[in-house]
Amino acid sequence: QVLLVASGGGLVQAGGSLSLSCAASGLTFSSYAMGWFRRAPGKEREFVAEISSSGGSPSYADSVKGRCTISRDNANNTVSLQMNSLKSEDTAVYFCVAGPPGGGWQYWGQGTQVTVSS
């Protein structure tokens, strides 16, 4: 069974930083693109960042570009999202996702709550 377990969320003041992590199991991790989505209360899920199976071609939503960095460690089956200069509008549940390179997010993780206070 495929599991994507996200961690690292919490409460942080505006301007602060958090690092989210996702541990994957049950799949050939190095064959999958990985990414992060988020969902704020009352809103649709929103793309945040993605990275190719090899670790190249990272991409970001305009709302987080310049403030977030996605990375992966294929030796340890993990993907991370470093978040800096956090804003109140970053408050959301963040989901780790996995899918074939080229599109299609096949697996979704549990989500971890990020709350940014002003």
Side-chain angles (χ1 to χ4, degrees):
Q1 190 72 274
V2 173
L3 290 177
L4 304 175
V5 181
S7 62
L11 176 64
V12 64
Q13 292 185 343
S17 298
L18 281 176
S19 182
L20 308 182
S21 296
C22 174
S25 62
L27 78 170
T28 304
F29 183 77
S30 61
S31 297
Y32 281 77
M34 300 296 297
W36 293 90
F37 280 69
R38 66 186 182 186
R39 182 181 63 199
K43 297 184 178 180
E44 298 178 358
R45 286 184 176 88
E46 175 189 27
F47 167 80
V48 178
E50 64 182 335
I51 189 168
S52 72
S53 59
S54 65
S57 303
S59 63
Y60 304 90
D62 288 342
S63 58
V64 304
K65 194 172 298 181
R67 301 187 296 118
C68 294
T69 302
I70 187 171
S71 61
R72 67 188 295 157
D73 184 350
N74 284 353
N76 292 295
N77 289 11
T78 58
V79 62
S80 299
L81 184 70
Q82 177 67 45
M83 307 175 67
N84 302 319
S85 301
L86 285 163
K87 308 173 181 179
S88 295
E89 51 262 46
D90 294 318
T91 295
V93 177
Y94 285 71
F95 297 91
C96 177
V97 296
W105 298 112
Q106 185 175 9
Y107 302 108
W108 289 69
Q110 64 184 47
T112 184
Q113 175 72 49
V114 172
T115 303
V116 183
S117 63
S118 58

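- Contact of the S31 side chain with the S53 side chain is not registered, since no non-hydrogen atoms from C-beta on lie closer than 4.5 Å.
- Residue Y107 is grouped with residue M34 when hydrophobic side chains (ILVMFWY) are merged at heavy-atom distances under 4.5 angstrom, including chains of intermediate members.
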Intermediate values then yes/no, side chain to side chain contact (heavy atoms under 4.5 Å, CB included), L86 and Q13:
CA-CA 8 Å; L86 285 163; Q13 292 185 343; over 6 Å; no
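- Contact record, R39 with F95: NH2-CZ, 3.5 Å, taken as the closest heavy-atom pair.
- When side chains are defined from C-beta on, C22 counts as touching L4, because their heavy atoms get closer than 4.5 Å.
- Considering all non-hydrogen atoms of both residues, V79 and F29 come closest at N-CZ, 4.3 Å.
- No donor-acceptor pair under 3.5 Å is formed between the side chain of Y94 and the backbone N or O of G8.
- V64 and W105 are not part of a single hydrophobic cluster, where members link through side-chain heavy atoms under 4.5 Å apart.
- Shown here are the side chain to side chain donor-acceptor pair (under 3.5 Å) partners of N84, two or more places apart in sequence or in another chain: S17, Q82.
- A pairwise comparison of heavy atoms in L11 and S117 identifies CD1-CB, 4.2 Å as the closest pair.
- What you find for G104 and P100 is that their closest heavy atoms are O-CD, 3.0 Å.
- Side-chain atoms of T78 do not come within 3.5 Å of backbone N or O of A23 as any donor-acceptor pair.
- To the nearest 0.5 Å, atoms CG (D90) and SG (C68) are separated by 6.5 Å.
- Atom OG of residue S25 and atom CD of residue Q1 lie 9.0 Å apart, to the nearest 0.5 angstrom.
- Cation-pi geometry between R45 and W108 is satisfied (NZ or CZ under 6.0 Å from the ring centre, within 45° of the ring normal).
- Closest heavy-atom contact between I51 and S71: CD1-CA, 3.9 Å.
- A continuous path of hydrophobic side-chain contacts links M83 to I70 [ILVMFWY only; heavy atoms under 4.5 Å].
- Listed by chain and number, the residues in a salt bridge (charged side-chain N to carboxylate O under 4.0 Å, His left out) with K65 are D62 (sequence neighbours excluded).
- In this structure, the ring pair (Phe, Tyr, Trp, His ring centres under 6.0 Å) partners of F47, at least two apart in sequence or on a different chain, are F37.
- Side chain of Q106 to backbone of A98: no donor-acceptor contact under 3.5 angstrom is found.
- For the residue pair Y60 and A49, the shortest heavy atom distance occurs at CD2-CB, 3.6 Å.
- Using a 4.5 Å heavy-atom threshold, the side chains of L20 and R38 count as separate.
- Linking ILVMFWY side-chain heavy atoms closer than 4.5 Å, directly or via other members, places V12 and L81 in a single hydrophobic cluster.
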